[in-house]
Amino acid sequence: MEISMPPPQIYVEKTLAIIKPDIIDKEEEIQDIILRSGFTIVQRRKLHLSPEHCSNFYVEQYGKMFFPNLTAYMSSGPLVAMILARHKAIAYWKELLGPSNSLVAKETHPDSLRAIYGTDDLRNALHGSNDFAAAEREIRFMFPEVIVEPIPVGQAAKDYLNLYVTPTLLEGLTALCKEKPADPFIWLADWLLKNNPNKPKLCHYPIAEKPS
């Protein structure tokens, strides 16, 4: 008797990477290393966090001796936040970064990014999420509009299509036939953006963003 196996489900893991303020001028160089290491840069933002925002981001470190210096360092200038994706993205990015203390990294992992670009235990050049829960929280903090959860597959995908996509698309196509615009593709695309029932809210964290 032959047992039919379900098709494999592929989920590309994501992690948050931050190029910290003191090495912002090395962004292009670091992005090249990231891409050559097999990552995809899903999204990128250049922003300047206030000390309050830094405190919220590093809330798990609150109360530690270095916390005031950490928030002062991270709010000292613009930084670049990126969502990185690849198989086992969290582990591979942490491996590429090396130890959190750049002085230790220079001795034990001299080829790691923190050994190359970091200065000491505080100014360690780059950030990476510790685990999946941290990645999810940190990505939502920096990119509130991003959906972090795995894309539904199989029956869950069919249910999602029947519940959200098909009714919305039918409504849009009906409106398109009534409107008869000059460019139906652009019109429908704009209509779908305005009438997306699952459109995420963009107001989780008020972060002051500066132009790149």
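Because the structure is predicted, anything quoted here is derived from the model rather than measured. All residue numbers refer to positions in the sequence shown, counting from 1.
Note: the hydrophobic cluster containing Ile24 also contains Ile30 (ILVMFWY, side chain heavy atoms under 4.5 Å, direct or indirect links). Under the 4.5 Å side-chain heavy-atom criterion for grouping Ile, Leu, Val, Met, Phe, Trp and Tyr, Ile18 is not connected to Leu113 through any hydrophobic cluster. Put simply, Phe57 and Leu122 are part of the same group of oily side chains (I, L, V, M, F, W, Y) that touch within less than 4.5 Å, one to the next. A continuous path of ILVMFWY side-chain contacts below 4.5 Å connects Val42 to Phe143, so both sit in one hydrophobic cluster. Hydrophobic clustering places Phe141 together with Tyr62 (ILVMFWY residues linked when any side-chain heavy atoms are closer than 4.5 Å, directly or through intermediates).
The two residues Ala89 and Thr15 make their nearest non-hydrogen contact at O-CG2, 3.9 Å. Between Ala115 and His109, the shortest heavy-atom contact is CB-O, 3.3 Å. Scanning both residues, Leu126 and Arg114, for their nearest heavy atoms gives O-NH2, 3.0 Å. The two residues Glu138 and Leu16 come nearest to each other via the heavy atoms CB-CD2, 3.6 Å. Between Lys14 and Ala85, the shortest heavy-atom contact is CG-CB, 4.1 Å.
The neighbour count for Gln61 CD, taken as heavy atoms of other residues, nucleotides or ligands under 6.0 Å away, is above 12.
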Q. Checking side-chain contact (heavy atoms from CB on, under 4.5 Å) for the pair Leu84/Thr40: CA distance, chi angles, key distance, verdict?
A. CA-CA 6 Å; Leu84 306 185; Thr40 297; over 6 Å; no
Q: Determine, stepwise, if the pair Ser50 / Ser75 fulfils side-chain contact (heavy atoms from CB on, under 4.5 Å).
A: CA-CA 5 Å; Ser50 68; Ser75 61; 5.8 Å; no
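When Arg45, Lys46, Gln43, Gln31 are each tested for a side chain to side chain contact (heavy atoms under 4.5 Å, CB included) with Met82, only one passes: Gln31. A side chain to side chain contact (heavy atoms under 4.5 Å, CB included) with Leu79 holds for exactly one of Ile19, Leu49, Asp22; it is Leu49. The only option from Leu35, Ile34, Ile33 that meets the side chain to side chain contact (heavy atoms under 4.5 Å, CB included) definition with Ser37 turns out to be Ile33. When each of Glu29, Lys26, Lys20 is tested with Tyr117 by the rule side-chain hydrogen bond (donor to acceptor under 3.5 Å, both in side chains), just one qualifies, namely Glu29.
Atom CE in Met142 sits 13.0 Å away from atom CZ in Arg44 (nearest 0.5 Å). Summarising the geometry, atom OG belonging to Ser129 is positioned 10.0 Å from atom CD1 belonging to Ile83; distances are rounded to the nearest 0.5 Å. The structure places CZ of Arg123 at 12.5 Å from CG of Leu70, a figure rounded to the nearest 0.5 Å. Summarising the geometry, atom NZ belonging to Lys106 is positioned 10.0 Å from atom CG belonging to Asn101; distances are rounded to the nearest 0.5 Å. Between the CD1 atom in Ile116 and the OG atom in Ser102 there is a gap of 10.5 Å [rounded to 0.5 Å]. Here OH of Tyr73 is found 13.0 Å from CZ of Phe66. Values are rounded to the nearest 0.5 Å.
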Output side-chain donor-acceptor pairs under 3.5 Å for residues 90-99, partner residues at least two apart or in another chain, one line each.
from: Trp93; atom 1: NE1; to: His127; atom 2: O; distance (Å): 3.1
from: Lys94; atom 1: NZ; to: Asn130; atom 2: O; distance (Å): 3.1

N/O donor-acceptor pairs under 3.5 Å from side chains in residues 175-182, not counting sequence neighbours:
from: Lys180; atom 1: NZ; to: Cys177; atom 2: O; distance (Å): 2.9

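Under the 4.5 Å side-chain criterion, counting only non-hydrogen atoms from C-beta, Met74 is in contact with Pro21.
Under the rule for a salt bridge (charged side-chain N to carboxylate O under 4.0 Å, His left out), the partners of Asp32 that lie at least two apart in sequence or sit in another chain are Arg36.
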